[in-house]
Asker: 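I have a structure here, written as structure tokens, and I will follow up with some questions on it.
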Amino acid sequence: MALTDEPAANTADNTPGENVDVAANLAHVQASIAAAAKAAGRGAGDAALVAVSKTQGAEAILPVIQAGQQLFGENRVQEAQVKWPDLKAANPDLRLHLIGPLQTNKVKDAVALFDVIETVDRPKLARALAREMAAQSRQPDCFIQVNTGEEDQKAGVWPEDADAFVALVRDELGLNVRGLMCIPPVDEECSLHFALLREIARRNDLTELSMGMSADYETAIQLGATLVRVGTAIFGPRKSYP
Ligand SMILES: *Cc1c(COP(=O)(O)O)cnc(C)c1O
């Protein structure tokens with residue numbers, strides 16, 4: 001190989017996400033969501049899209065906002081605090097969902113910034129959220145995350161504990177619990193997990209299901225998802241975020 005000062009000719013082209021047409025991807029995902037809902041005998045608008053913008057910068061997010069997308073998901077409180085206050089101030093209709101694990105020491109910031117917290121999964125967190133929501137007089141909607149695959153390394157209440165946890169969070173602590181959320185194990189048939197989540201929601205009178213990602217959102221819609229969380233199918237490969 002020749003030694004040279006010249007940068008490799010195609011460095012920019014190889015940067016993940018560099019040439020991604022996010023608006024075209026968004027349109028494609030929206031069309032697929034509508035088609036999947038129709039095929040399942042549901043209304044075209046019955047499954048809403050949460051665009052997962054974690055690791056993406058404002059230059060990737062702005063065209064998606066300009067294309068009319070209003071629901072966004074982030075998995076880290078600190079990253080979202082850097083990216084979203086200005087975008088939310090400029091676009092008051094945006095709704096930001098927290099889809100990653102929440103530590104109790106970040107509860108204050110999460111309640112202040114997020115409109116929906118999808119990852120309520122343990123009593124200590126639920127109690128901290130209830131206290132902080134009262135203190136801030138701000139009531140983000142909540143989803144309870146269920147660890148349908150009973151994976152030790154994954155967040156979420158276990159299926160057998162879900163009913164009691166719903167009762168605590170919704171009935172005792174009074175949080176606005178809209179539904180359930182899950183992230184199936186990567187190596188298992190997702191439809192079994194989506195069906196389990198739907199059953200736990202049904203028996204607890206919860207109407208919303210946040211389930212389905214880029215690889216499986218059509219299956220999730222078939223099984224009743226009301227929110228799908230889609231990142232790479234819109235934004236391309238994730239960036240490494242500092
Ligand atoms: C990153 C992430 C997504 C989006 O995943 P893609 O495969 O990029 O669509 C969805 N849900 C959660 C909880 C995530 O962390």
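Counting convention: from 1, in listed order, for ligands and their atoms alike.
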Asker: Out of all atoms in ligand 1, which are within 4.0 Å of some heavy atom of Ile183? Include the element for each.
Answerer: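 It comes down to these atoms of ligand 1: 13 (C).
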
Asker: How far is atom 9 (O) of ligand 1 from its nearest protein heavy atom, and which residue and atom name does that atom have?
Answerer: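 Checked against all protein heavy atoms, atom 9 (O) of ligand 1 sits closest to Ser214 OG, 2.5 Å.
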
Asker: In plain terms, say whether Lys106 and Glu79 are close enough for a salt bridge, that is, a side-chain N and a carboxylate O under 4.0 Å apart.
Answerer: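 Between Glu79 and Lys106 there is no salt bridge, as every charged N stays at least 4.0 Å from the carboxylate O atoms.
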
Asker: Would you mind checking if Glu74 and Lys83 are paired as a salt bridge, meaning a charged N to carboxylate O distance below 4.0 Å?
Answerer: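 The answer is yes: the pair qualifies as a salt bridge.
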
Asker: Only heavy atoms of Val230, strictly under 4.0 Å: list the atoms of ligand 1 that pass.
Answerer: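 Checking each atom against Val230, I get 9 (O).
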
Asker: As a check for students: among His97, Met211, Arg229, identify the option with a heavy atom nearest to atom 11 (N) of ligand 1.
Answerer: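 Looking at heavy atoms only, Arg229 sits closest to atom 11 (N) of ligand 1.
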
Asker: Determine whether any heavy atom of Glu118 lies closer than 4.0 Å to an atom of ligand 1.
Answerer: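 Per 4.0 Å heavy-atom rule, Glu118 does not contact ligand 1.
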
Asker: Looking at atom 5 (O) of ligand 1, what's its closest protein heavy atom, distance included?
Answerer: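 Here the closest protein heavy atom is Met213 CE, 3.6 Å.
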
Asker: Sort and list the pairs that fulfil ring pair (Phe, Tyr, Trp, His ring centres under 6.0 Å) and have at least one residue in residues 68-119, not counting sequence neighbours.
Answerer: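 For residues 68-119, and leaving out neighbouring residues, the ring pair (Phe, Tyr, Trp, His ring centres under 6.0 Å) pairs sorted by first residue read Phe72-Trp84.
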
Asker: Any donor-acceptor pair under 3.5 Å linking the side chain of Glu118 with the backbone of Cys182?
Answerer: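 A pair under 3.5 Å: no.
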
Asker: Any N or O on Gly231 sitting closer than 3.5 Å to an N or O of ligand 1?
Answerer: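 Checking ligand 1 against Gly231, an N or O pair does fall under 3.5 Å apart.
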
Asker: With a 3.5 Å cut-off and no angle check, do the side chains of Arg238 and Thr232 form a donor-acceptor pair?
Answerer: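 There is no such pair between these side chains.
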
Asker: Looking at Asn25 and Ile234, would you say the former's side chain and the latter's main chain have a donor-acceptor pair under 3.5 Å?
Answerer: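 Yes; at least one donor-acceptor contact below 3.5 Å.
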
Asker: Which value, rounded to the nearest 0.5 Å, describes the distance between Ile183 atom CD1 and Arg229 atom CZ?
Answerer: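 It comes to 5.5 Å.
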
Asker: Got the closest protein heavy atom to atom 13 (C) of ligand 1, with its distance?
Answerer: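 The closest heavy atom on the protein side is Ile99 O, 3.3 Å.
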
Asker: Considering non-hydrogen atoms of the protein only, which is the closest contact for atom 1 (C) of ligand 1, and what is the distance?
Answerer: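 Protein heavy atom with the smallest distance to atom 1 (C) of ligand 1: Lys54 NZ, 1.5 Å.
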
Asker: Can you check whether Asn75 has an N/O within less than 3.5 Å of an N/O in ligand 1?
Answerer: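 Such a contact does not occur with ligand 1.
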
